[in-house]
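Below: the structure, in structure tokens.
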Amino acid sequence: MTTVFARIVKFSIAYPVTRGMASYAVIWPTGCLIQQMAFGDEQFDFARAARFGLFGAFYVAPTLNAWLTVARYLYPKNDLRSAIIKALLEQVTYSPCAMVSFYFGMSLLEGKTVEEAKKEVEKKFLPTYKVGVAVWPLLQVFNYTMIPEKNRIPFVSLCSLAWSSFLAYMNHCSVKKENLLAIK
């Protein structure tokens, strides 16, 4: 059994994108299911959770890996100054693109038209971005200063459990319910 585990560990170290994809394939649908439980959905919507898994594994994990690679190249030090710069830079580059992609991509996966997807982005991007700006810079400064590089994507994916639950809530709520956040 230890040989199998050792091979899995060796593979995940050699292929960090694959490790991130595996993490997101589990954590994002789990976050969606947690959101469904928290808001008392009568039955689990497994198709919705599967869409979260697909999006997390095949879009978020690879793009996050690319962003972390660029950030590491631009600011290779693991000191506090570099971490703050990387976290702030992420908030004005990667995060807006990721959020727009999330709402647009999830809308298309739900079978909505391109126009409907654009409207979804327009309605939900800003409230989501405001919450993200309050949360992610702190998590990323911790990530860049305290977490070994090989474990940064898994760390972020664990943080993403709560974030994906929030995104599932935001994605699921209608425009009329948007005022529940009172973030305007």
Side-chain angles (χ1 to χ4, degrees), residues 8 12 16-65 67-68 87 90-91 94-112 116-117 119-144 146-147 151-184:
I8 292 170
S12 73
V17 175
T18 305
R19 179 176 52 184
M21 291 173 75
S23 297
Y24 277 69
V26 172
I27 290 172
W28 272 51
T30 302
C32 180
L33 294 172
I34 288 170
Q35 179 273 324
Q36 291 177 41
M37 279 188 340
F39 286 90
D41 290 3
E42 298 279 325
Q43 293 182 336
F44 285 125
D45 184 346
F46 291 108
R48 190 167 146 229
R51 288 190 296 270
F52 267 73
L54 285 170
F55 190 82
F58 293 104
Y59 179 80
V60 178
T63 61
L64 181 59
N65 183 71
W67 162 249
L68 291 174
E90 180 178 315
Q91 291 309 303
Y94 177 77
S95 291
C97 294
M99 287 180 202
V100 167
S101 299
F102 170 75
Y103 287 120
F104 195 83
M106 290 301 285
S107 294
L108 295 179
L109 287 173
E110 292 166 358
K112 294 179 181 174
E116 291 170 320
K119 288 179 184 176
E120 190 82 358
V121 170
E122 289 171 7
K123 293 171 188 166
K124 296 181 180 177
F125 169 78
L126 193 56
T128 307
Y129 184 70
K130 288 178 181 179
V131 172
V133 166
V135 172
W136 282 107
L138 297 173
L139 290 173
Q140 288 297 56
V141 168
F142 180 80
N143 188 23
Y144 292 131
M146 306 303 279
I147 305 297
N151 293 324
R152 288 185 181 156
I153 289 176
F155 171 79
V156 171
S157 65
L158 287 175
C159 295
S160 283
L161 181 59
W163 183 247
S164 64
S165 294
F166 172 72
L167 287 177
Y169 165 76
M170 289 298 291
N171 189 54
H172 189 64
C173 72
S174 68
V175 179
K176 293 173 184 135
K177 292 181 183 177
E178 196 171 297
N179 292 332
L180 290 174
L181 279 180
I183 303 171
K184 291 196 175 190

| said: So, using salt bridge (charged side-chain N to carboxylate O under 4.0 Å, His left out) as the criterion, who are the partners of E110 when residues are at least two apart? | reply: K112
| field | Exercise: identify the closest heavy-atom pair between F125 and V100 | value | CD1-CG2, 3.8 Å
| message | Could you check whether any side-chain heavy atom of E120 comes within less than 4.5 Å of a side-chain heavy atom of L108, counting everything from C-beta outward? | response | no
| task | Could you pull out all residues at least two apart from F104 that satisfy ring-ring contact (aromatic ring centres under 6.0 Å, His included)? | result | none
| task | Go through the structure and list residues passing salt bridge (charged side-chain N to carboxylate O under 4.0 Å, His left out) with K119, not counting sequence neighbours. | result | none
| For the atom pair OH (Y24) and CG (L161), what is the distance rounded to the nearest 0.5 Å? | 11.0 Å
| request: Taking all heavy atoms of G132 and all of M99, pick out the closest pair and write down the distance. | output: CA-CE, 4.2 Å
| Straight-line distance of K124 NZ to L167 CG, nearest 0.5 Å | 10.5 Å
| field | Closest non-hydrogen atom pair, A49 against P29 | value | O-CB, 3.1 Å
| How are the rings of F155 and F142 set to each other: parallel, tilted or perpendicular (split at 30° and 60°)? | tilted
| field | Non-hydrogen atoms of R51 and L109 that approach each other most closely | value | CD-O, 3.4 Å
| field | By side chain to side chain contact (heavy atoms under 4.5 Å, CB included) - contacts of V135 (at least two apart) | value | V131, L139
| query | Who are the side chain to side chain donor-acceptor pair (under 3.5 Å) partners of Y129, not counting sequence neighbours? | reply | none
| request: Apply ring-ring contact (aromatic ring centres under 6.0 Å, His included) to F58 and list each qualifying residue two or more places apart in sequence or on a separate chain. | output: none
| message | List the residues meeting side chain to side chain contact (heavy atoms under 4.5 Å, CB included) with F44, not counting sequence neighbours, and say none if there are none. | response | L33, Q36, M37, F46
| task | For S165, check side chain to side chain donor-acceptor pair (under 3.5 Å) against everything at least two apart and list the hits. | result | none
| query | Which residue pairs pass the side chain to side chain donor-acceptor pair (under 3.5 Å) test with at least one member in residues 131-144, sequence neighbours excluded? | reply | W67-Y144, E90-Q140, E90-Y144, Q140-N143
| field | Considering all heavy atoms, the nearest T63-V60 contact | value | OG1-O, 3.1 Å
| query | If you look only at pairs with a residue in residues 95-107, which of them pass as a side chain to side chain donor-acceptor pair (under 3.5 Å), with sequence neighbours excluded? | reply | Y59-S101, Q91-S95, Y103-T128
| task | Tell me, please, which residues at least two apart from A168 pass side chain to side chain contact (heavy atoms under 4.5 Å, CB included). | result | C32, Q35, R48, F52
| query | With A134, which residues qualify under side chain to side chain contact (heavy atoms under 4.5 Å, CB included), at least two apart? | reply | none
| said: Using every non-hydrogen atom in the two residues, find where S164 and G31 come nearest and quote the distance to one decimal. | reply: OG-CA, 3.3 Å
